[in-house]
Amino acid sequence: LPVHTTLTADAPTDKPSFAASSIEAQSFDAIVIGAGAAGLFCAAQAGALGLRVLVLDHAKKLAEKIRISGGGRCNFTNRDLDVRQPQQHFISDNPHFCRSALSRFTPQHFTSLLQSHGIAFHEKHKGQLFCDHSAQDVITMLQGLCAQAGVKIWNPCEVHSVVRQEGEAHQERFVLTTSLGAVQSAAVVVATGGLSIPKIGATDLGYRIAAQFAIPLIARRPGLVPLTFASSDWATYVGLAGLAMPVDIATGQGKNKTQFKEDLLFTHRGLSGPAILQISNYWQPGTPIAINLLPEMDVLTALLEAKRDSKRLLANVLAQWLPARLVEVMVAQQPQWLRAIDQVPDKALTALAQQLQAWQITPSGTEGYAKAEVTLGGVDTRALSSKTMESSVQPDLYFIGEVVDVTGWLGGYNFQWAWASAYACAQAM
Ligand code: FDA
């Protein structure tokens with residue numbers, strides 16, 4: 001077992017020493033497919049526990065999603081995660097599944113790890129922790145941990161097949177055929193992530209491996225994604241592209257209602273910003289979203305007071321509270337706003353207040369996987385152990401990170417799931 005592995009992001013690393021036609025497949029204790037957040041962390045932990053680990057990734061550059069995350073600063077966890085009730089920040093068909101792993105590897109464990117590597121970080125908003133310097137610090141740390149633990153990383157390397165075979169002494173093993181030759185191992189960890197951003201390497205390999213081993217899947221759809229509107233509905237708002245404002249946003253009814261208080265961003269095709277990304281995880285096609293454009297005020301009371309005290313134009317009253325560009329667009333739609341406020345009947349002011357505080361709008365769809373930060377759905381957690389991430393259908397086959405049907409809110413929760421599920425798996429192999 002080599003003691004040291006030098007890793008560079010661009011060049012294929014630690015190339016295998018046998019030809020692709022070699023009859024003897026190189027043997028490992030564990031093969032991790034996917035060198036992203038979950039895969040690298042799991043490999044490093046398992047290697048440190050003494051396992052001979054190989055990581056395979058088809059991408060030229062490792063951990064690209066970490067690199068581009070958090071605007072290049074990686075929002076690597078969230079301090080507000082309540083490990084007693086983590087499911088409030090996660091979406092899954094089986095909501096309590098995530099609790100075991102998240103309570104055993106917490107945000108504090110990850111921040112302590114960063115601190116021990118001298119990586120400085122800060123809290124930005126609602127418990128979200130970002131690197132002070134760059135997301136590259138996290139990648140360098142993970143690569144260093146893998147190197148220290150003697151983990152081999154082969155990339156770029158395509159995985160052609162994964163089969164379960166009887167090996168020496170009738171022991172079952174996994175045999176993988178890859179573009180760099182055949183390899184075998186006692187355990188396989190699938191850490192291939194979700195489908196978002198295919199141009200940096202996302203594929204459905206993890207779901208195909210699950211299907212091959214008869215592990216059920218929950219339907220996938222893009223999450224944390226901008227919402228789009230029919231061009232006829234959106235024509236009025238196109239000129240607002242780039243406008244951002246704090247809002248309350250909601251979708252669903254009754255006990256299925258979900259609400260966030262975040263910033264909204266108008267785009268050329270629709271709406272984005274943290275408010276929309278958060279609500280997109282809960283939005284069901286064909287249903288409306290409700291937006292309170294003035295969440296900090298009682299608009300009707302303020303309008304009625306303004307009506308008593310002034311003869312100003314209604315549009316000018318509104319411009320005190322709303323961005324001028326938005327008022328202009330609304331006036332273009334509703335010319336009566338150019339009347340003096342004391343000429344506007346109370347009934348019309350009530351309707352206006354309702355429109356501003358519960359703007360109902362029905363998206364036509366999402367920007368899809370090209371713009372989504374995550375994939376909702378994935379490997380059905382009912383077929384996995386919450387303690388170990390091992391499949392209950394196929395022994396020694398593990399699924400970790402985003403490929404699993406556990407999706408976090410915006411704000412560092414998805415990386416925390418990657419670290420925690422990876423840790424649970426590494427302890428168990
Ligand atoms: P990840 O996607 O990190 O890694 C999967 C690996 O598998 C990749 O290296 C890929 O190349 C490899 N792979 C895929 N198919 C393969 C195949 N066929 N053969 C071999 N290898 C294959 N989350 C968060 O908590 N905070 C944040 O700030 C952000 N920001 C953010 C920004 C953007 C633009 C995106 C797209 C996403 C985020 N996220 C995020 C989400 C976060 O990046 C994501 O949840 C984690 O990276 C998931 O980690 P995994 O290791 O599961 O997958």
Side-chain angles (χ1 to χ4, degrees), residues 9 31-43 54-78 81 89-90 107 110 121 124-125 127-131 135 138-139 142 153-162 176 178-180 188-209 222-226 272 274 277 281 367-376 378-379 389 398-422 425:
I31 295 176
V32 179
I33 309 175
L40 287 177
F41 193 54
C42 179
L54 170 67
V55 184
L56 303 174
D57 200 298
H58 69 154
K60 276 201 189 125
K61 285 187 167 186
L62 300 178
E64 271 297 271
K65 280 210 184 141
I66 300 180
R67 195 187 315 277
I68 63 170
S69 67
R73 293 237 164 103
C74 186
N75 175 197
F76 52 80
T77 192
N78 195 299
L81 193 154
H89 292 119
F90 291 86
F110 198 74
F121 56 86
K124 213 167 162 183
H125 170 67
Q128 301 167 5
L129 300 183
F130 288 75
C131 296
V138 176
I139 302 174
L142 293 172
I153 301 181
W154 294 356
N155 76 294
C157 175
E158 302 284 338
V159 177
H160 299 315
S161 67
V162 179
L176 282 68
T178 79
S179 53
L180 297 177
V188 163
V189 180
V190 180
T192 44
L195 295 168
S196 61
I197 326 276
K199 70 172 187 227
I200 59 164
T203 75
D204 66 351
L205 178 66
Y207 311 123
R208 283 191 279 123
I209 294 173
L224 299 179
V225 63
S272 187
L277 301 189
N281 279 353
E367 294 270 11
Y369 289 117
K371 294 278 169 65
E373 288 202 5
V374 290
T375 301
L376 290 149
V379 173
M389 305 294 134
Y398 298 78
F399 292 85
I400 58 172
E402 201 182 310
V403 73
V404 176
D405 171 37
V406 173
T407 305
W409 283 11
L410 187 75
Y413 295 100
N414 286 295
F415 278 131
Q416 187 58 34
W417 171 246
W419 316 133
S421 56
C425 169

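Start at 1 and go down the list; that is how both ligands and their atoms are numbered.
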Nearest 0.5 angstrom please: Arg73 CZ to Gln128 CD, how far?
14.0 Å
May I ask you to list the atoms of ligand 1 that are less than 4.0 angstrom from any heavy atom of Ala59?
11 (O)
Among all protein heavy atoms, pick out the one at the shortest distance from atom 20 (C) of ligand 1; state its residue, atom name and that distance to 0.1 Å.
His58 N, 3.2 Å
Note the single closest protein heavy atom to atom 11 (O) of ligand 1, along with its residue, its atom name and the distance in Å.
Asp57 OD1, 2.8 Å
Under a 3.5 Å distance rule, please check whether Lys65 uses its side chain to pair with a backbone N or O of Ser196 as donor and acceptor.
yes
Under a 4.0 angstrom heavy-atom cut-off, which atoms of ligand 1 come close to Gly401?
52 (O)
Quick one: does His58's side chain have a donor or acceptor within less than 3.5 Å of a partner on Val159's backbone?
no
For ligand 1, which part of Trp417 has a heavy atom less than 4.0 Å away: the side chain, the backbone, both, or neither?
neither
Looking at Ile197, which atoms of ligand 1 are within less than 4.0 Å of one of its heavy atoms?
36 (C)
Measure the distance from atom 51 (O) of ligand 1 to every protein heavy atom, then report the residue, atom name and distance (to 0.1 Å) of the closest one.
Ala38 N, 2.8 Å
Protein contact to atom 3 (O) of ligand 1 [nearest heavy atom, distance to 0.1 Å]:
Ala37 N, 3.5 Å
My understanding is that we take every heavy atom of each candidate and find the minimum distance to atom 34 (C) of ligand 1. Doing that for Leu62, Ile209, Ile68, Leu129, which one comes out nearest?
Ile68
For the side chain of Asn414 and the backbone of Gln416, is there at least one donor-acceptor N/O pair under 3.5 Å apart?
no
Say whether Ala202 and ligand 1 are in contact under the criterion: heavy-atom distance to a ligand atom below 4.0 Å.
no
Quick note on ligand 1: atoms under 4.0 Å from a heavy atom of Asn75 include exactly 24 (C), 25 (O), 26 (N), 27 (C), 28 (O)
Would you indicate whether the side-chain heavy atoms of Glu402 and Val404 approach each other to under 4.5 Å?
no
Roughly how far apart are Leu40 CG and Ile153 CD1, rounded to 0.5 Å?
5.5 Å
Return the orientation label for the Trp419 and Phe415 ring planes: parallel under 30°, perpendicular over 60°, tilted otherwise.
parallel
Tell me, please, which residues at least two apart from Ser421 pass side-chain contact (heavy atoms from CB on, under 4.5 Å).
Met389, Ile400, Trp417
For atom 31 (C) of ligand 1, what's the nearest protein heavy-atom neighbour? Residue, atom name and distance, please.
Glu373 OE1, 3.4 Å
Just need the protein heavy atom nearest to atom 47 (O) of ligand 1, so name the residue and atom and give the distance.
Phe415 CE2, 3.3 Å
For ligand 1, is there an N or O atom under 3.5 Å from any N or O atom of Gly70?
yes
Atoms in ligand 1 flagged as close to Gly34, the criterion being non-hydrogen separation under 4.0 Å:
6 (C), 7 (O), 12 (C)
What protein heavy atom sits nearest atom 45 (O) of ligand 1, and how far off is it?
Glu402 OE1, 2.7 Å
Calculate, to the nearest 0.5 Å, the distance between atoms CG and CG belonging to Leu224 and Leu376 respectively.
7.0 Å
Ser69 OG to Ile139 CD1 distance, which is reported to the nearest 0.5 Å:
7.5 Å
Using modelled atom types only, decide if a donor and an acceptor are shared between the side chain of Asn155 and the backbone of Lys60 within a distance under 3.5 Å.
yes
Can you pull out the closest protein heavy atom to atom 30 (N) of ligand 1? Residue, atom name and distance to 0.1 Å, please.
Ser69 CB, 3.3 Å
Between ligand 1 and Thr203, is the shortest N or O to N or O distance under 3.5 Å?
yes
Could you state the interatomic distance from OH (Tyr207) to OG1 (Thr375), rounded to the nearest 0.5 Å?
4.5 Å
Any idea which atoms of ligand 1 are less than 4.0 Å away from a heavy-atom of Tyr413?
25 (O)
Using a 4.0 Å cut-off to any heavy atom of Ala191, which atoms of ligand 1 qualify?
5 (C), 6 (C), 7 (O)
Quick one: CZ on Phe41 to CZ on Phe110, what's the gap to the nearest 0.5 Å?
6.0 Å
Pull out every atom of ligand 1 sitting under 4.0 Å from any heavy atom of Asn414, numbered as shown with elements.
23 (N), 25 (O), 45 (O)
